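What follows is a single structure, written as structure tokens, with notes after it.
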Amino acid sequence: MLQRLKINWKIALLSFGIVLFSLCIGGTILLGGIIGLKEEELGRRLLVTARTVAQMPEVVSGLAKPELRGGIQTAAERIRIINDATYVVVMDMNRVRLSHPVEAKIGTVSQGTDEGPAFAEHTYVSKAKGELGTALRAFVPIMNAEHEQIGVALVGRIMPTVGQVLLDLSGQAYAVLFLSLLFGLWGSWMLAQHIKKQMFELEPHEIARLLVERTATFHAMHEGVIAIDNTERVTIFNDKAKEMMRISGDVIGKPIRNVIPDTRSPEILHLNHPIYNQELTVGGTLIMSNRVPIRVGGITVGAVAIFQDRTEATRMAEELTGVKAFVDALRVQNHEYMNKLHTIGGLIQLGNKEKALEYLFEITEQKEEQTRFLSERFKNDSLTGLLLGKISRGRELGIEVTIDRQSRLDRFPERLDHHDFVILLGNLIENAFDALKQAPRDKKIFISIEQDEEVLSVLVEDNGRGMDEATRERIFERGFTTKPEPEGDRGIGLYLIAGIIRRGNGTVQVESAPGEGTSFLVSFPMTGMPEQSEVT
């Protein structure tokens, strides 16, 4: 039955039960205090009455002279009625009753267990249980003119029961009790409604099911997912994220900086705006990250980061630049070799066999020399193939692509690899080709790659149309382009280059003016890392 109740009813009943229980405990304590106060007040009244009896002339003279004892009962009854006592008993020193509400007990000996101290001149109040109930009894010794004790005055009153005390309470107490229960019930219901609203009107079993589904979904994702609360403690860390960060074990609830010391996720809590498609090195892994603050009611309560291993993204980028360039290079080479074969075939048909052989040796030697130079100076086949393809592509477009004879590349800077340099060189050279499309003649591109123990520099220059200052300031923005093609297909190349420069802590200098060509000089440190990169 209880399990079928909705959460708001459960909370309301529990809260009201707590209020009711608290009222009962408080009421019991209060009632005990009231009974205690009534006993104290009643004891004082009984003592006053007993002293009055002990000092009455009829009682003192009756104890002193036996022939006058008949007046003691009359005086005692008068005092009992006036002071609303249950009984007034006068006893001599032999504990013989000389007065009692029940006349049959007059002249009998009292057997009370609490009377002893009274016959030793002690005045006190005691509590005794009798046939009529628990009574409060006041004892006062009766003294004669010579200050000698001649008897004891006993005044008793049956104590009220708990029910009688409750009946005697004023209407205000009941009003307070009623209002307390009413507001307790109302407050319990409002609290239950508020909690239910905070839980988006969901029942506990629905929340549990959503939690299980969410956890399963996060762990099934191919991307890494990490979420933190506003105290920078981990709330989500899926299996893919653990695999990428090489972390094992349960990390939920731990500070994110203890799990990943070089994390940058907490900065979203302070920036309070999302950051998309940012390349980061976290936990020794290069990732492409999207980080978004989590807001509830307009207040940032945490942040979530969704990221991929950059290796896959880099391969995709290489497909967009390097592979496309290689395909173009093969097509260009095909055209080039067809033209050369046609030339050789024509010379043979004309009977100029020696001229054909001479031409064949010339182009073969030229191609071998170019390939040998690039292979010796660049220790990476991807870059060698890229440059060969761009030279052939330039020849087809009527553009002279010159590579500095002093260029060389033996190894890559820290955090960068051949994928990064394929993207960097491929995009810079393609941009130079685009800049030379409108040039009338004498189209040239100069490429220089210099390397020593401290710095690697890449220079790409062209004598194309150039750029104005406004364009130069925006060329590294994602999606910005001066080309007429649709926006979705352009504005990516230089944005990727800017990410590579930041990741390698490099610098770039761009010099350009309208009609005077453009120069890109990109430099990377080989040993050690500067504090920050610069893209200008």
Side-chain angles (χ1 to χ4, degrees), residues 271 273-280 317 320-321 324-325 386-387 390 393-394 397-404 407 413 416 420-450 455-525 529-536:
L271 293 176
H273 64 78
I275 297 178
Y276 299 107
N277 300 321
Q278 185 179 37
E279 292 184 348
L280 300 172
L320 296 175
T321 54
K324 181 175 181 295
L386 176 68
L387 292 173
K390 296 301 183 184
R393 166 91 168 142
L397 296 174
I399 299 172
E400 179 184 348
V401 179
T402 304
I403 298 178
D404 185 4
S407 296
L416 301 180
D420 299 308
F421 274 81
V422 166
I423 295 172
L424 188 145
L425 274 173
N427 279 292
L428 288 179
I429 296 173
E430 282 297 320
N431 284 347
F433 284 157
D434 290 336
L436 290 166
K437 283 183 179 179
Q438 305 301 324
R441 58 185 181 279
D442 196 24
K443 304 176 183 181
K444 295 181 179 180
I445 296 176
F446 179 74
I447 303 170
S448 176
I449 302 176
E450 298 182 2
V455 179
L456 171 64
S457 298
V458 177
L459 174 66
V460 178
E461 294 180 337
D462 66 71
N463 59 348
R465 62 177 179 268
M467 299 178 289
D468 56 27
E469 184 176 353
T471 302
R472 190 166 65 248
E473 291 178 353
R474 299 189 58 194
I475 56 174
F476 293 104
E477 294 180 13
R478 182 183 179 91
F480 177 77
T481 181
T482 58
K483 302 178 181 68
E485 284 84 349
E487 183 177 350
D489 298 331
R490 292 290 185 174
I492 300 298
L494 288 176
Y495 173 78
L496 293 175
I497 290 174
I500 294 170
I501 293 170
R502 281 192 293 269
R503 189 166 60 257
N505 287 313
T507 61
V508 58
Q509 296 179 357
V510 182
E511 296 181 1
S512 183
E516 296 183 7
T518 302
S519 169
F520 283 86
L521 176 61
V522 183
S523 300
F524 296 101
M529 286 292 173
E531 292 184 359
Q532 61 181 9
S533 61
E534 181 182 359
V535 179
T536 58

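For reference, positions follow the sequence shown, starting with 1. The structure presented is a predicted model; accordingly, all values stated were derived computationally and were not measured.
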Self-check item: Reported CG-to-OG1 distance for the pair Leu521 and Thr507, which is rounded to 0.5 angstrom
Solution: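 Going from the CG atom of Leu521 to the OG1 atom of Thr507 covers 7.0 Å.
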Within-4.5 Å side-chain heavy-atom neighbours: [X] and [Y]:
{"X": "Leu387", "Y": "Ile429", "result": "yes"}
{"X": "Ile445", "Y": "Thr402", "result": "no"}
{"X": "Ser519", "Y": "Leu459", "result": "yes"}
{"X": "Phe446", "Y": "Asp404", "result": "yes"}
{"X": "Ile449", "Y": "Phe421", "result": "no"}
{"X": "Ile447", "Y": "Lys390", "result": "no"}

Quiz item: With distance as the sole test, does Asn463 use its side chain to make a donor-acceptor pair with the main-chain N or O of Asp442 at under 3.5 Å?
Solution: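 It does hold such a pair.
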Quiz item: Between Arg465 and Lys437, is there a donor-acceptor pair closer than 3.5 Å when you use the side chain of the first and the backbone of the second?
Solution: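 It does not hold such a pair.
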Nearest heavy-atom neighbours spanning [X] and [Y]:
{"X": "Leu424", "Y": "Val522", "result": "CD1-CG1, 4.1 Å"}
{"X": "Phe476", "Y": "Ala498", "result": "CD2-CB, 3.8 Å"}
{"X": "Leu386", "Y": "Val422", "result": "CD2-O, 3.8 Å"}
{"X": "Pro413", "Y": "Pro525", "result": "CB-O, 3.7 Å"}
{"X": "Val455", "Y": "Ser523", "result": "CG1-CB, 4.2 Å"}
{"X": "Thr518", "Y": "Met467", "result": "CG2-CE, 3.8 Å"}

Quiz item: Which residue, Val458, Leu494, Asp462, forms the side chain to side chain contact (heavy atoms under 4.5 Å, CB included) with Phe520?
Solution: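 Exactly one candidate clears the test, Leu494.
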Exercise. Using the side chain to side chain contact (heavy atoms under 4.5 Å, CB included) rule, take Phe433 and Val401 through it: C-alpha gap first, then chi angles, then the decisive distance, then the call.
Key: CA-CA 10 Å; Phe433 284 157; Val401 179; 4.0 Å; yes
Self-check item: Carboxylate-amine/guanidinium proximity below 4.0 Å for Arg472 and Glu511
Solution: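 Judged by the 4.0 Å cut-off on N to carboxylate O distance, Arg472 and Glu511 do not form a salt bridge.
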